[in-house]
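Okay, so here's the structure we're looking at.
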There are 2 protein chains.
Amino acid sequence: MTDIPVPGKAVRGSRSGAPIMALFDLLGRRWAMGVVWTLSEEGPCTFRALQEACESISPAVLNARLKELRAAGFVTQGDGGYCVTPLGQEGYEALLPLSKVSKVWATHIEQSVSDTTD
Amino acid sequence: MTDIPVPGKAVRGSRSGAPIMALFDLLGRRWAMGVVWTLSEEGPCTFRALQEACESISPAVLNARLKELRAAGFVTQGDGGYCVTPLGQEGYEALLPLSKVSKVWATHIEQSVSDTTD
DNA sequence: TCCATTGCTATTAAAATAATAGCATGCTAT
DNA sequence: ATAGCATGCTATTATTTTAATAGCAATGGA
């Protein structure tokens with residue numbers, strides 16, 4: 001497994017270790033944001049429930065992401081299964097604005113498609 | 001190169017094509033968020049200036065991310081070099097809350113380090 | 001005891017990324 | 001004109017990550 005990024009230390013893609021770059025390293029891995037998002041929206045999940053909610057994540061990758069997110073303090077494993085920590089909840093809330101952007105983007109794409117289609 | 005994710009179509013990691021998942025696909029690639037971030041903060045950049053501002057990105061990956069982000073409408077290439085589009089600016093602004101999270105995370109980590117060190 | 005659920009690990013193949021070198025183009029100063 | 005120099009990449013090879021799939025060990029009923 002890859003090292004888990006830690007703010008203040010050099011991380012993949014940034015020698016400075018600027019916290020934001022470390023976070024981009026953590027969340028810029030396949031499925032990382034999707035897992036935080038899904039886990040926050042679904043609430044506590046078993047491994048398999050989370051896997052299904054994610055539609056198409058392989059168990060190896062899910063397990064890798066969960067380990068990283070747990071080590072980073074964004075996710076924890078309790079009696080109800082996996083769930084986000086308060087830090088993970090903050091992370092989820094910080095991702096919320098992206099939802100609006102994604103919708104703007106979607107209409108944006110539709111327009112450029114119709115530009116070339118019509 | 002991998003396909004560029006498009007909201008509404010199945011993307012890597014999501015059959016639904018929910019816009020947010022398509023965006024996670026786009027931005028969840030190595031350096032994607034860092035490029036948007038850096039380009040927004042630095043303003044228009046030449047390829048090489050952007051490469052240096054990113055500290056340690058390889059030209060092949062930078063080029064791949066720029067192509068994807070241009071195709072997605074987040075980045076454009078003008079006279080002053082590469083720069084973010086209005087959509088890219090929205091994306092950047094949507095990432096801003098992550099900065100605070102990264103700082104909370106950084107202090108969080110310091111504490112857990114001192115927990116085991118002291 | 002038999003079976004289902006859960007939480008993974010193992011394996012193999014494909015894809016993405018890193019690291020590095022270097023090329024083609026368009027200046028610009030000599 | 002030509003010899004740099006900057007820019008925007010591409011090429012190549014090695015390494016890492018991810019995908020896809022199978023399956024195992026532990027747990028808890030029925």
Side-chain angles (χ1 to χ4, degrees), chain A residues 1-5 10-17 21-22 24-36 38-39 42-72 75-84, chain B residues 1-5 10-16 21-22 24-36 38-39 42-72 75-83:
Chain A
M1 195 180 59
T2 312
D3 288 345
I4 291 149
V11 291
R12 293 189 312 178
S14 174
R15 305 191 221 283
S16 65
M21 291 300 163
F24 285 164
D25 184 356
L26 180 73
L27 296 181
R29 297 175 181 196
R30 196 142 314 159
W31 269 112
M33 290 187 285
V35 165
V36 170
T38 304
L39 204 49
E42 298 281 318
C45 282
T46 66
F47 186 94
R48 296 214 174 189
L50 184 54
Q51 192 183 347
E52 278 164 36
C54 287
E55 294 182 46
S56 67
I57 189 172
S58 77
V61 170
L62 177 56
N63 192 35
R65 289 301 91 84
L66 284 172
K67 272 187 190 170
E68 292 158 9
L69 291 169
R70 271 195 291 170
V75 164
T76 189
Q77 197 176 13
D79 42 337
Y82 288 98
C83 61
V84 294
Chain B
M1 195 179 61
T2 313
D3 287 344
I4 290 151
V11 292
R12 295 189 311 177
S14 174
R15 304 191 221 283
S16 65
M21 291 301 163
F24 285 164
D25 184 355
L26 180 73
L27 295 182
R29 297 176 182 195
R30 197 141 316 159
W31 268 110
M33 290 187 285
V35 166
V36 170
T38 303
L39 205 49
E42 298 281 318
C45 282
T46 66
F47 186 95
R48 297 212 175 187
L50 184 54
Q51 193 183 347
E52 278 163 37
C54 287
E55 293 183 47
S56 66
I57 189 173
S58 78
V61 171
L62 177 55
N63 192 36
R65 288 303 91 83
L66 285 172
K67 271 186 188 167
E68 292 158 10
L69 291 169
R70 270 196 289 171
V75 164
T76 190
Q77 197 177 12
D79 42 337
Y82 288 100
C83 61

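So that the names make sense, note that chain A is the first sequence line, chain B the second, and so on, each numbered from 1. The analysis underlying the following values was restricted to heavy atoms, covering all of them including side chains, and did not include hydrogens, waters or symmetry mates.
- B:L69 pairs in a side-chain contact (heavy atoms from CB on, under 4.5 Å) with only one of the listed residues (B:L39, B:T76, B:V75), which is B:V75.
- B:R30 has its CZ atom 7 Å from the C1' atom of D:dT17, to the nearest Å.
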List every contact pair, protein side and nucleotides 5-13 of chain C side both N or O, where the distance is under 3.5 Å.
residue, atom, partner, partner atom, Å
C:dG7, OP2, A:F47, N, 2.5
C:dG7, N7, A:R48, NE, 3.0
C:dG7, N7, A:R48, NH2, 2.8
C:dG7, O6, A:R48, NH2, 2.3
C:dC8, OP2, A:Q77, NE2, 3.1
C:dC8, OP2, A:Y82, OH, 2.1
C:dT9, OP2, A:N63, ND2, 2.3

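- Separating the CG atom of B:L50 from the P atom of D:dT7 is a distance of 12 Å, rounded to the nearest angstrom.
- Using a 4.5 Å heavy-atom threshold, the side chains of A:D25 and A:I4 count as separate.
- Between the side chain of B:R30 and the main chain of A:R29, no donor-acceptor pair closer than 3.5 Å is present.
- For the pair A:R65 CZ and D:dT18 P, the interatomic distance rounds to 4 Å; values are reported in whole Å.
- Secondary-structure annotation of DNA chain D gives the stems C:1-30 with D:1-30, with a stem taken as at least 3 successive Watson-Crick or G-U pairs whose two distances both fall under 3.5 Å.
- Taking 4.5 Å as the limit, every side-chain heavy atom of B:R65 sits out of range of all side-chain heavy atoms of B:M33.
- Considering every non-hydrogen atom in both B:C54 and B:T38, the closest pair reads SG-OG1, 4.0 Å.
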What donor-acceptor contacts under 3.5 angstrom involve side-chain atoms of residues 42-49 of chain B, with partners at least two apart or in another chain?
residue, atom, partner, partner atom, Å
B:T46, OG1, B:A49, N, 3.0

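- Within the 4.5 Å cutoff, the side chain of B:I57 has heavy atoms near those of the B:V35 side chain.
- Distance CG (B:D79) to C1' (D:dG8): 16 Å, rounded to an integer number of Å.
- Closest heavy-atom contact between A:V84 and A:V36: CG1-O, 4.2 Å.
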